[in-house]
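One structure, pasted below without further comment.
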There are 2 protein chains.
Amino acid sequence: MSLPHAILTALLEKPSSGLELTRRFDRSIGYFWSSTHQQIYRELGKLEQAGHIRALPSPQPTRGQKKEYEVLPAGRAELADWVGRSEDPRPVRDPLLLRLRAAAAVGGGDVEAELVRHLELHRAQLADYREIERRDFPPERRISRQDRLRHVVLRGGIELESFWTGWLTATLAELTGAGAAGPGAAEGAFGHEAPDGPAGASGRTRPDAASDGA
Amino acid sequence: MSLPHAILTALLEKPSSGLELTRRFDRSIGYFWSSTHQQIYRELGKLEQAGHIRALPSPQPTRGQKKEYEVLPAGRAELADWVGRSEDPRPVRDPLLLRLRAAAAVGGGDVEAELVRHLELHRAQLADYREIERRDFPPERRISRQDRLRHVVLRGGIELESFWTGWLTATLAELTGAGAAGPGAAEGAFGHEAPDGPAGASGRTRPDAASDGA
DNA sequence: GCCGACATGTAAATTGTTACATGATTAG
DNA sequence: CTAATCATGTAACAATTTACATGTCGGC
């Protein structure tokens, strides 16, 4: 999957120990590929065995002792190769949307408080991103392709959080703004089947794409 | 996690067999919680053992034979309880954003083709969602809370896809529109650490994507 | 000498993916 | 009767999460 490549990226940006990586996964790289220290240590071991990274020489590499890693040429090559690979977007798997859908199915439940809570969280994350953008990407600067890439990734984070705050705000307005009609209304609504696509007997299929052109 | 609750929701909406569920996970429920038939069968077994669902009586429940399930009161109770629970948004884990960040780190690589491909996929999904909205949620209809919930969930899907198409379009413009300056420029850019600690909430401003319905 | 922070790990359980196996039903 | 399709599963593996275990170092 992508964890080793996230680690290679982080180590290319700056050689680090496992704990340092863990911290950067809490705020920088981890904004787009989150992970925990357990996974990171395990993956560091694999990457070292594979000859993609190596531990910088140190006095005694014992247990509680800091151990820094750097990327080897083989690791850089692997990452460059991965960058050129193709991968479909992952299907959405969002507990909040599912929860609302479940709320529609069982009826009742005050979901509004949870929506407000999420709104605050997303607003905070958005403010965080905006601050990083203000600090690292001043408007008139002449920038390299590297910086452009980093900036569009950050824009992705900003716009994603903007989507959430916008949708949550609108949803709260929709759910609290007008009184709910009685239950048991209109059939045929979303949740009662979408039109049939060509569905094979095994596994999910991304509902057809590439047809578009618009 | 959420898979059993996704299944309970789907079965509440309509009792189904494993294969029918698999198909609905390809187009309806699965838009927000994807899964495969293997996982679904495994989970159906667990839910049955837990007394949350039961197989509808049928002649002989042998192997290749269709087996329909319905939700029992205990299952409905569990789902209602889950709806009321609180859960933080999942940290982002997106291979495409990570890939761009890796491209910035290793330099080179033409990432543009992959962006175009994703743009087409998201446009197709967006068109699909819009069609469902047009069909299932005509504008002037008086609607119940159930329908409101289902509609906001669909709006979530629509706005999420709008975010992607908007961001991908802008990113392609940014990367192909202007010639890249030489490599090795500006340090201190995003990717070289963000500030520590939590950030306060802030008012939202809408940048550009994820627009239309909110 | 001990405590808290730093630092690296192990183990077990759950969840998700990939590949394969098997039986039933129906059209030709 | 045979192939395609419907339908339900098993097995093995990979990824992720949660809980715990161990060791080092500096300050007091």
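Numbers restart at 1 for each chain; the letters A, B, ... are given by sequence-line order, proteins then strands.
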What orientation do B/His37 and B/Tyr41 show, parallel under 30°, tilted 30 to 60°, or perpendicular over 60°?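 Aromatic pair B/His37/B/Tyr41 classed perpendicular.
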Just N and O in the side chain of B/Gln39: are any of them under 4.0 Å from OP1 or OP2 of C/dT17?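 Yes, because at least one side-chain N or O of B/Gln39 sits under 4.0 Å from OP1 or OP2 of C/dT17.
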With a 4.0 Å limit, can you tell me whether B/Gln65 has a side-chain N or O closer than that to the phosphate oxygens OP1/OP2 of C/dT25?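 For B/Gln65, the contact criterion (side-chain N or O under 4.0 Å from OP1 or OP2 of C/dT25) is met.
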Atom pair distance, as rounded to whole Å: CD in B/Glu20 and P in D/dA7: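 Those two atoms, CD and P, are 7 Å apart.
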Phosphate-side-chain proximity, A/Arg42 and D/dA15, N/O vs OP1/OP2 below 4.0 Å: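 It does not, given that no N or O in the side chain of A/Arg42 lies less than 4.0 Å from OP1 or OP2 of D/dA15.
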Determine the interplanar angle of the B/Tyr129 and B/Tyr31 rings, folded into 0 to 90°, and report it as parallel if under 30°, tilted if 30 to 60°, perpendicular if over 60°.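 Rings of B/Tyr129 and B/Tyr31: perpendicular, over 60°.
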Pick the closest DNA chain D nucleotide for B/Ser17 and for B/Pro91 by heavy atoms, then say which residue is nearer the 5' end.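 Mapping each residue to its closest nucleotide by heavy atoms, the 5'-most match is B/Ser17.
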Apply the test salt bridge (charged side-chain N to carboxylate O under 4.0 Å, His left out) to residues B/Arg117 and B/Glu114: give CA-CA distance (whole Å), side-chain angles for both, the deciding distance (0.1 Å), then the verdict. CA-CA 5 Å; B/Arg117 202 177 66 86; B/Glu114 178 73 350; 3.1 Å; yes
Expected output: side-chain A/Ser2 to main-chain A/His5 donor-acceptor under 3.5 Å: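 No; zero donor-acceptor contacts below 3.5 Å.
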Short side-chain N/O contact from A/Lys67 to OP1 or OP2 of C/dG9, under 4.0 Å: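 Yes, within the criterion.
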Does B/Arg155 count as lying over the ring of A/Trp167, i.e. NZ or CZ under 6.0 Å from the six-ring centre, within 45 degrees of the axis?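 No - B/Arg155 does not lie over the ring of A/Trp167 by the 6.0 Å and 45° rule.
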Does anything in residues 1-9 of chain A come within less than 4.0 Å of DNA chain C? Heavy atoms only, and list the residues if so.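 Nucleic-acid contacts, sorted: none.
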With side-chain hydrogen bond (donor to acceptor under 3.5 Å, both in side chains) as the criterion, how do A/Arg123 and A/Thr165 come out once you've worked through the C-alpha distance, each side chain's angles and the decisive distance to 0.1 Å? CA-CA 6 Å; A/Arg123 280 216 254 248; A/Thr165 57; over 6 Å; no
On a heavy-atom basis, which atom in A/Val153 and which in B/Leu100 lie closest, and how many Å separate them?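 Heavy atoms of A/Val153 and B/Leu100 come nearest at CG2-CB, 3.5 Å.
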Check the distance between C/dG16's P and A/Arg90's CZ and give it to me in whole angstrom.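 It is 11 Å, rounded to the nearest whole Å.
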Nearest listed nucleotide, side chain of A/Leu19, among C/dC20, C/dA7, D/dT18: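 So the side chain of A/Leu19 is nearest to C/dA7.
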What is the distance, to the nearest angstrom, from the CD atom on A/Glu68 to the C1' atom on C/dT8?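 Roughly 14 Å, once rounded to whole Å.
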It should be established whether A/Thr36 places a side-chain nitrogen or oxygen under 4.0 Å from OP1 or OP2 of nucleotide D/dT18.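 Answer no for this pair, as no side-chain N or O of A/Thr36 is under 4.0 Å from OP1 or OP2.
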How close or far is atom C1' of D/dG9 from atom CD1 of B/Ile40, stated in whole angstroms?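 Interatomic distance, CD1 of B/Ile40 to C1' of D/dG9: 13 Å.
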What is the separation between atom CD on B/Glu43 and atom P on C/dT14, rounded to the nearest whole Å?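 To the nearest whole Å, that distance equals 11 Å.
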I need the NE2-P distance between B/His37 and D/dG9, as an integer number of Å.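 That distance rounds to 10 Å.
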Taking only N and O in the side chain of A/Arg93, is any of them less than 4.0 Å away from OP1 or OP2 of D/dT16?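 For A/Arg93, the contact criterion (side-chain N or O under 4.0 Å from OP1 or OP2 of D/dT16) is not met.
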Check the distance between D/dT18's P and A/Tyr41's OH and give it to me in whole angstrom.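 Whole-Å distance recorded here is 19 Å.
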Just how far, in rounded Å, is P of D/dG9 from CG of B/Leu47?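 From B/Leu47 CG to D/dG9 P: 14 Å.
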Does a nitrogen or oxygen in the side chain of B/Lys46 sit under 4.0 Å from OP1 or OP2 of C/dT14?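 It does not, given that no N or O in the side chain of B/Lys46 lies less than 4.0 Å from OP1 or OP2 of C/dT14.
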